[in-house]
Protein chains: 2
Amino acid sequence: MLWERGYVGTSPKAIQLAAEAGQGSMYHHFSGKAELAKAAIERSGAELRAAAEEQFAGGGTATERITGYLQRDRDVLKGCRIGRLTADPDVMADPVLRAPVDETFGWLRTRLAEIIAEGKKSGEYPAGLDPEQTAATIAAVLQGGYVLARAAGSAEPFDLAVQGLVSLLKGVAS
Amino acid sequence: MLWERGYVGTSPKAIQLAAEAGQGSMYHHFSGKAELAKAAIERSGAELRAAAEEQFAGGGTATERITGYLQRDRDVLKGCRIGRLTADPDVMADPVLRAPVDETFGWLRTRLAEIIAEGKKSGEYPAGLDPEQTAATIAAVLQGGYVLARAAGSAEPFDLAVQGLVSLLKGVAS
DNA sequence: GTCTATACCGCGATAGAC
DNA sequence: GTCTATCGCGGTATAGAC
C-alpha cells in the first residue's frame with residue numbers, strides 16, 4: 001500500500017481492512033502508523049537488496065551484470081517502492097522513516113561502485129572511470145526512468161533511458 | 001506548496017492561508033482543489049521549460065549546452081516540482097492533472113533529442129548514438145538524482161550522478 | 001467578489017470491555 | 001490479544017449573507 005499510495009495516502013484503517021485485522025490488533029502490535037510504516041519500509045528495502053544482489057552475484061563481466069540488473073523485469077509503471085517514498089513529506093521529515101530509505105540506496109550505490117571497480121581492475125573499463133560517479137548515474141537512471149514512465153503513462157521512456165545508458169557504458173568499455 | 005508537500009499533502013485551507021485569501025475567494029475563482037492544482041502544475045511546467053530553454057538556446061557545442069543544463073544551480077534537496085507529482089496517486093489517477101506533467105517531460109526529451117541530433121550532424125557524436133535514448137537517459141539522471149539526493153539528505157548523490165553522466169557523454173564524444 | 005457559518009467525512013489514536 | 005465505542009481534528013466543499 002505504501003508502494004501504491006505512499007505514506008500520506010495510506011491510512012491505518014485501510015491497512016486494517018486489507019489485512020482483515022481490527023483496530024485493536026494493530027495498535028497492540030504497533031505503536032502507530034509510523035512504526036508500522038518503518039517495518040514495511042525495512043522489509044521492502046531488504047527485498048530490493050536481495051533482488052539486486054541476485055543479478056550482481058551472477059557470473060559474467062561487469063557490464064553483463066549491470067545490464068542484467070538494468071534490464072531485469074520490472075513493474076515500471078508502479079515505480080520503485082523505496083524511491084517513491086522520497087516524495088513523501090512525512091517520511092522525509094522523520095529520520096526514523098528516512099533511515100531505511102537512505103541505507104537502501106547507500107547500499108545499492110556502494111555495490112554498483114564495487115562492480116565497476118572490478119571492471120576497471122579486469123581492464124574492461126578505462127582507468128579514468130570513476131566508480132562512485134558511475135554507480136550514482138546508474139541508480140539515478142533507474143529512479144528517473146520510473147519517474148518519466150509514470151509521467152508518460154507508459155514504460156517506453158524507462159526502456160529508452162536504460163538502453164541509452166547501456167549504450168553509453170558499452171561506448172566507454174573496451 | 002505542491003512542490004513541498006505534493007497534491008495529497010496540500011489542503012485548500014493551507015493554500016488560502018498562504019495566499020491570504022478567504023475560502024469564498026478561492027471557490028469563486030476555481031471549482032475546487034483539482035482545478036487550482038491544474039493551474040499551478042501548468043505554470044510550473046512552463047517555468048521548467050523556460051529555464052531549460054535558456055540553457056539550450058545558449059551558444060556552444062551540444063555537449064556544452066547539455067552539461068550547462070545539467071550543472072546549472074538547482075534546489076536539489078527540494079526535488080523537481082514536476083517530477084515529484086508522479087508519486088502522487090491522485091495526480092496520476094486524474095488525466096487532467098497528469099497531462100501537463102506528461103507534456104513537460106515530453107517536451108524536455110524531444111528538445112534534448114534535437115540537441116543530440118545536432119551534435120551528431122556536426123560530427124561531435126558518433127552516428128550510432130540514438131538521440132531519443134540518450135535524451136531519456138539525461139532526463140532520467142536528473143530525476144533520479146533528485147530521488148537519490150533526497151534519500152540521502154544531501155546533494156552529493158545528485159552531483160555524482162550528473163558528473164558520471166557528463167563523463168560518459170564526453171567518453172563517446174569525439 | 002468576498003465573507004462567515006456550517007456540513008459531512010475520514011484520519012489517527014485512545015478507552016475500556018471481553 | 002482483539003473487539004467496539006468514542007474522541008478531536010482537519011480536509012473539502014457548500015450556503016447564504018453582505
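Not measured: the values here are computed from a predicted model. Chain letters run A, B, ... following the sequence lines, proteins first and then strands; every chain starts at 1.
- Checked against side chain to side chain contact (heavy atoms under 4.5 Å, CB included), A40(B) has the following partners two or more places apart in sequence or in another chain: L2(B).
- Pairs engaging residues 3-12 of chain A under the salt bridge (Lys or Arg N to Asp or Glu O under 4.0 Å) rule: E4(A)-K78(A), R5(A)-D90(B) [sequence neighbours left out].
- Listed by residue number, the members of residues 17-30 of chain B with any heavy atom below 4.0 angstrom from DNA chain D are Q23(B), Y27(B).
- Rounded to an integer number of Å, the gap from Q16(A) CD to dA13(C) P is 10 Å.
- When the shell of 6.0 Å around CD of E54(B) is examined, it contains 12 or fewer heavy atoms from other residues, nucleotides or ligands.
- Looking at which nucleotide of DNA chain C each of S31(A) and K13(A) is closest to, the 5′-most match is held by K13(A).
- By the side chain to side chain contact (heavy atoms under 4.5 Å, CB included) test, A51(A) pairs with R72(A), sequence neighbours left out.
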Side chains of residues 28-39 of chain B: which donor-acceptor pairs under 3.5 Å do they make with residues two or more places apart or in other chains?
unit_1, atom_1, unit_2, atom_2, d
S31(B), OG, E35(B), OE1, 3.0
K33(B), NZ, Y7(B), O, 2.9
K33(B), NZ, T10(B), O, 2.9
K38(B), NZ, E42(B), OE2, 3.0

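- Within the structure, every pair that satisfies the ring pair (Phe, Tyr, Trp, His ring centres under 6.0 Å) test and touches residues 32-79 of chain A, not counting sequence neighbours, is listed here: F56(A)-Y69(A).
- For residues 112-130 of chain B, the set of pairs meeting the side chain to side chain donor-acceptor pair (under 3.5 Å) definition, not counting sequence neighbours, comprises T61(B)-E124(B), T63(B)-E124(B), T63(B)-Y125(B), R65(B)-E118(B), R111(B)-E114(B).
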Can you give me every donor-acceptor pair (side chain of residues 135-149 of chain B, partner residue at least two apart or in another chain, under 3.5 Å) with its distance?
unit_1, atom_1, unit_2, atom_2, d
T137(B), OG1, A161(A), O, 2.7
T137(B), OG1, L165(A), N, 3.3
T137(B), OG1, Q133(B), O, 3.0
Y146(B), OH, R74(B), NH1, 3.1

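- Note that the first and last nucleotides of DNA chain D, 5' to 3', having any atom under 4.0 angstrom from a heavy atom of chain B are dG11(D) to dT14(D).
- Residues from residues 88-99 of chain B lying near DNA chain C, meaning a heavy-atom separation below 4.0 Å, are absent.
- Scored by the side chain to side chain contact (heavy atoms under 4.5 Å, CB included) test, D102(B) finds A152(A), R98(B) as partners (sequence neighbours excluded).
- Legend: residues meeting side-chain hydrogen bond (donor to acceptor under 3.5 Å, both in side chains) with Q23(A), ordered by chain and number and at least two apart, are Q16(A).
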